[in-house]
2 protein chains.
Amino acid sequence: MSTNAAMAETAALVGDPARAAMLNALMDGRALTAGELAGVAGITAQTASGHLARLSAAGLLAMERQGRHRYHRLASPAVARMLEAIMMVAGSAPPPARPRRVGPADAAMRNARTCYDHLAGRLGVAIADAMAARGQVELATDGGAVTPAGQDFLGSLGITPDAGGSRRAFCRPCLDWSERRHHLAGGLGAAICTRCFELGWVKRVPASRAVLVTRAGEAGLRQAFGIELE
Amino acid sequence: MSTNAAMAETAALVGDPARAAMLNALMDGRALTAGELAGVAGITAQTASGHLARLSAAGLLAMERQGRHRYHRLASPAVARMLEAIMMVAGSAPPPARPRRVGPADAAMRNARTCYDHLAGRLGVAIADAMAARGQVELATDGGAVTPAGQDFLGSLGITPDAGGSRRAFCRPCLDWSERRHHLAGGLGAAICTRCFELGWVKRVPASRAVLVTRAGEAGLRQAFGIELE
DNA sequence: GGCATGCTTCGGTGCAGGCCGAAACATGGC
DNA sequence: GCCATGTTTCGGCCTGCACCGAAGCATGCC
């Protein structure tokens, strides 16, 4: 296919108001369900479904199943860059309003909680973001890897990466329920979670999956990961 | 007007094959007449006229009269950047697409071409790499800077860095569409490109964005930048 | 002036595709 | 098993718009 045709096809996908609204809603990197995207676009679910199928087929979106939900997100940073460039030309406007999201009703749950054996919520996402930004882990859709720099960092935290020798699935991304972004799961997520409990950085809320960040935890997390949860 | 609608409108303009072909033809920064653009798009003059009016109204193109001709060109570097970003996504989009056939024109394009007002393709990337390796420029994801050593080097090439509005981002990296790496854009990229044409190191391939490296260019590029295109 | 060239406007045709209702399919809770 | 919820598929309607032929400006050359 010619370059022109490929470019026109991609641009045409963005050139529909409903699809543009959906893409815009995904610009913050989170993943939303088809129903939510239908809502932000002001169209019915079946119409949205058709749009999402086309966007995925063209490589603009990536989809992953989770239960009976299907979470859609931008397929790559290149897509986000393209959308930014288009917005720039269209006449720069402030970032879009974020769609209403349904998550854990409890604010503490939303802030930080455990997901099986690892940390989730804003805390979990913040840790994943920080480590990815620093090049300590590399996250992909279906897996991840700890970099040499990451090994050093984990060692300084008192985490020995090679627990069990199963390097496979040691670093696995998991889509966060409330934040709609990836956090660290697998052996790595579990090890970090365990270590945070050992260090007294977080403690469990009784009879809940929620966890609280202690005062020592605020300082420790800031120093270790450079993250700041307000 | 909402952000979504503005983005969709702009993208829809690019999303028509005929308009995409015309925009692509203008990617080298030159200005073409309506008739020429109708030719490259494979449509009649009256249809092209309608397209051009819409593109100008949306701020994608600028037009200037000259006698009975009307010359159209991209309205700003931002438009060129947007088109490059779309091509990036369109080029890598489809899931394992069939091996794309590469014609001679395509090969020449990959080797060296103009991107709005600067050099791109393998030549553009090679120049950026060489200057970065020698400490003449420092490139980051979102910006760049010319070092003192770079100033000296540019002077020896006959390029005065502060010509014109020095406020403009003089050194800006631009992600290469075919090489997927950064080359030099901004005022610096434009100055180097202009100088290469002046020195007869490269010349345009008629009716194409591709450029050819001359024999003098091979020698000159080797001596100035230490680069060797196969 | 007369004529040629380049471009735009007007009117009408035809097709692509966005939209929804209805129904089928998939998954989880009971 | 049954039902509720989320999502996709199917069929049909209808708008939007890309396209061209013909005619109407505009400019330059003679």
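Convention: sequence-line order gives letters A, B, ...; per-chain numbering from 1.
Using a cutoff of 4.0 Å between basic side-chain nitrogens and carboxylate oxygens, B:Glu84 and B:Arg81 are not scored as salt-bridged.
Atom-to-atom, CZ of B:Arg19 to P of D:dG16 comes out at 16 Å; the value is rounded to the nearest Å. Distance CG (A:Leu55) to P (D:dT7): 15 Å, rounded to an integer number of Å. Across the protein-nucleic acid pair, A:Leu61 atom CG and D:dT7 atom C1' stand 16 Å apart, rounded to whole Å. Between B:His69 atom NE2 and D:dT27 atom P there is a gap of 13 Å when expressed in whole angstrom units. Put simply, CD on B:Glu9 is 10 Å from P on D:dC17, counting in whole angstrom units. Across the protein-nucleic acid pair, A:His51 atom NE2 and D:dT8 atom C1' stand 14 Å apart, rounded to whole Å. Note: CG (B:Leu13) to C1' (D:dG16) measures 14 Å, nearest angstrom. Distance CZ (A:Arg65) to P (D:dT7): 11 Å, rounded to an integer number of Å.
A:Ser49 and A:Gln46 form no side-chain donor-acceptor contact under 3.5 Å, judged by distance and modelled atom types alone.
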Atom pairs under 3.5 Å: protein N/O with N/O of nucleotides 20-26 of chain D:
| from | atom 1 | to | atom 2 | distance (Å) |
| --- | --- | --- | --- | --- |
| D:dC20 | OP2 | B:Thr44 | N | 3.2 |
| D:dC20 | OP2 | B:Thr44 | OG1 | 3.1 |
| D:dC20 | OP2 | B:Thr47 | OG1 | 3.1 |
| D:dG21 | N7 | B:Gln46 | NE2 | 2.6 |

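Base contact: A:Ala45 has a heavy atom under 4.0 Å from a base atom.
At distances below 3.5 Å, at least one donor-acceptor pair connects side-chain atoms of B:Thr214 with backbone N or O atoms of B:Gly217. Between the side chain of A:Arg134 and the backbone N or O of A:Phe225, at least one donor-acceptor pair lies under 3.5 Å. At least one donor-acceptor pair closer than 3.5 Å links the side chain of B:Arg19 to the backbone N or O of B:Leu13. Checking side-chain atoms of A:Arg113 against main-chain N and O of A:Val211 turns up no donor-acceptor pair under 3.5 Å.
The span of DNA chain C lying next to chain A, judged by atoms under 4.0 Å from heavy atoms, is bounded 5' to 3' by C:dG18 to C:dG28.
Between B:Asp16 and B:His51 the shortest side-chain heavy-atom distance falls below 4.5 Å. In this structure the side chain of B:Lys203 never reaches within 4.5 angstrom of the side chain of B:Val213, judged on heavy atoms. Considering only heavy atoms from C-beta on, A:Leu32 stays 4.5 Å or farther from A:His72 through its side chain.
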